[in-house]
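A quick write-up on the structure given underneath.
Quick caveat, the model's predicted, so the values are computed rather than measured. Ligands are counted one by one from 1 in listed order, and the atoms in each one are counted from 1 as well.
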Amino acid sequence: MTEPAPGRVDMAKLVSLCQRRGFIFPSSEIYGGLSSCWDYGPLGVELKQNIKQAWWRAVVRERDDMVGLDASILMHPRTWEASGHLKGFADPLVECKSCHLRWRSDELKGNGCPSCGGELTEPHLFNLMFKTFIGPIEEQASVVYLRPETAQGMFVNFENVVNTSRKRLPFGMAQIGKAFRNEITTGNFIFRCREFEQMEIEFFVRPETDKRWFDYWIEERTNWYVKLGIKKENLRLRQHSQEELAHYAKECYDIDYLFPMGWAELEGIANRGDFDLVQHSSFSGKSLSYYDEETKEHITPYIIEPSAGVDRSFLAFLCDAYGEDVVEGGPRVVLHFHPDLAPIKVAVLPLSRRENLVSLAKEVYADLRRNWMVNYDDAQSIGRRYRRQDEIGTPFCVTIDFQSLEDKQVTIRERDSLNQIRVPISELKATLQAKLEGEDLFVLPPGGQIWKEEKT
Ligand code: ATP
C-alpha cells in the first residue's frame with residue numbers, strides 16, 4: 001500500500017455507514033468480533049450478489065468461449081504440492097507492512113523491505129493456508145487445507161471440462177468462491193480478510209497467442225469496472241517487477257484502485273504460461289495436454305488468469321458510489337450505485353398511511369417485487385424516506401399520493417438527478433425496466449406527463 005489518498009472518502013465513514021445500514025458487520029460481533037472476518041448483512045448480501053451476477057453475466061453468460069465451474073473448497077493435498085503453495089509458505093516469513101511483499105526472514109540482509117524499504121513484521125513460521133483434518137482422526141495422513149485461491153480447482157478439472165464442454169482453444173473457465181488465507185498483515189476493513197471470495201478466470205490459449213490474450217483481458221477487465229460505475233481516474237494499471245513476480249507468472253499486471261488508504265490491488269491479471277498444467281500433469285501422472293485438431297498435435301496451453309476479489313470490488317464500488325450533497329437545504333449522504341449493483345432497485349412509498357393509499361401502494365409493491373428487490377416504507381415524512389433510500393443507493397422511489405387514487409398514476413423520483421416524473425401504474429414496470437437498463441431519457445408512455453419540474 002502506498003500513501004493515503006487525499007480527498008477520498010474516509011474509511012471510518014464507510015465502515016459506519018455499512019454497519020448502520022446493514023451492509024457489513026464484524027464477524028461474531030457479540031463475542032467481540034473475529035479479526036479480519038466480516039458478515040454481510042441484508043443489504044450487503046444483495047450488493048455482493050449483484051457484483052457476482054454482473055461478473056458472471058459478463059464473463060460466462062454473454063460469451064461463447066467461457067464456461068463456469070464450482071469446485072470444492074477442500075482439495076487433495078497433492079494439489080498444493082504441485083501448485084507450490086505448500087513449499088512456498090512453509091518458511092519463516094516476514095511481511096512488509098507497506099507493500100505486503102513477503103520475504104524469508106532467514107535470507108534477508110538488513111532490516112527493511114528489500115523492495116521498498118518499508119517496515120517488516122516479526123518473522124512467522126507458518127503456512128498461509130489454513131490446515132484442517134478430513135475424517136475423525138487428527139493425523140498427518142488426513143491433513144487437508146482450505147483453498148487459498150479458487151484457481152487450482154479449475155486447473156485440475158481441465159481435462160474434465162475439455163472432454164465434456166467440447167470447447168476448443170482459446171476458451172476459459174470461470175469460478176466464484178470462498179478462499180482462505182491466514183494473512184499476516186490484515187486491516188483496512190474488507191480489503192484484506194482471512195476469509196474472502198474470489199472471482200477467477202483461467203483462460204487457456206495457444207502458447208504463441210499469450211501476449212494478445214493477456215492484453216485483451218487487461219482491457220476487458222478494466223472496462224468491466226468502468227461500465228459498472230468506477231471512475232477511470234480511480235483505476236490504474238501496475239506492472240509487476242521481476243522480483244515481485246510470483247513463481248508461476250511470466251508477466252503480471254494489477255488493476256489498482258484508489259482506495260481510501262491509497263492505491264492498492266483490486267484485481268491481478270497474470271500470464272501463468274504452462275506452469276499449472278505441467279505441474280499437475282507431473283504430480284498426478286495424468287496428461288493434461290490438449291489435442292489440437294488443426295495441427296494434429298498435443299499442446300500444453302498457456303493460461304491467462306484475471307483474478308478478482310468480490311470483497312475488494314465491493315469496497316471499490318462502495319467508495320466510488322459514496323457522495324455527500326445538499327438537498328432541500330439539508331445534507332444528504334448518497335450512494336450513486338450503478339442500477340445493476342444497487343441492493344434495492346425501487347422503493348414504494350405511500351404518501352400517508354391512509355387505508356386506501358396503503359392498499360394501492362401494497363398492490364404496486366407486490367407487482368414490482370416479482371421483478372426486483374423492492375423496499376416498502378411508510379414510516380416518517382416523505383423527505384426522510386427519500387434520504388433513507390439515497391443512503392443505501394436505491395435508484396428509484398415510487399410515490400403513491402391521493403391523486404393516484406383518482407388518475408391511477410404514480411411518481412417516479414430519481415436518486416441522482418432528483419427529477420420526478422408521473423407515469424400511469426399500467427406503464428410503471430416498463431418505465432422502471434427501461435430506466436434500470438440505463439435509459440437516460442425519460443420514457444413518457446402514452447398518458448404519462450412530467451409531474452413536477454422542480455427538484456425535491
Ligand atoms: P495482496 O498482494 O493484496 O495480498 P495478492 O496479490 O496476494 O493480493 P492474489 O493472490 O492475486 O492477491 O488474489 C487475487 C485477488 O483476490 C486480489 O486481487 C484480491 O482482489 C483478492 N484477494 C486476495 N487476497 C485477499 C484477502 N486477503 N482479502 C480480500 N481479498 C483478497
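Closer than 4.0 angstrom to ligand 1 sit non-hydrogen atoms from R181, E183, F191, R192, C193, F196, Q198, E265, L266, E267, G268, S307, A308, G309, R312.
Ion pairing between E183 and R194 fails under the 4.0 Å rule for side-chain N and carboxylate O. D390 has no carboxylate O lying under 4.0 Å from a charged side-chain N of R415, or vice versa, which leaves the two without a salt bridge.
Scored by the side-chain hydrogen bond (donor to acceptor under 3.5 Å, both in side chains) test, E81 finds R78 as partners (sequence neighbours excluded).
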Is there a ring-ring contact (aromatic ring centres under 6.0 Å, His included) between H338 and F317? Walk through the geometry before answering. CA-CA 9 Å; H338 186 285; F317 285 123; 8.9 Å; no

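Using a 4.5 Å cut-off on side-chain heavy atoms (C-beta onward), E243 and L101 make no contact.
The nearest pair of heavy atoms linking V205 to D210 is CG2-CA, 4.0 Å.
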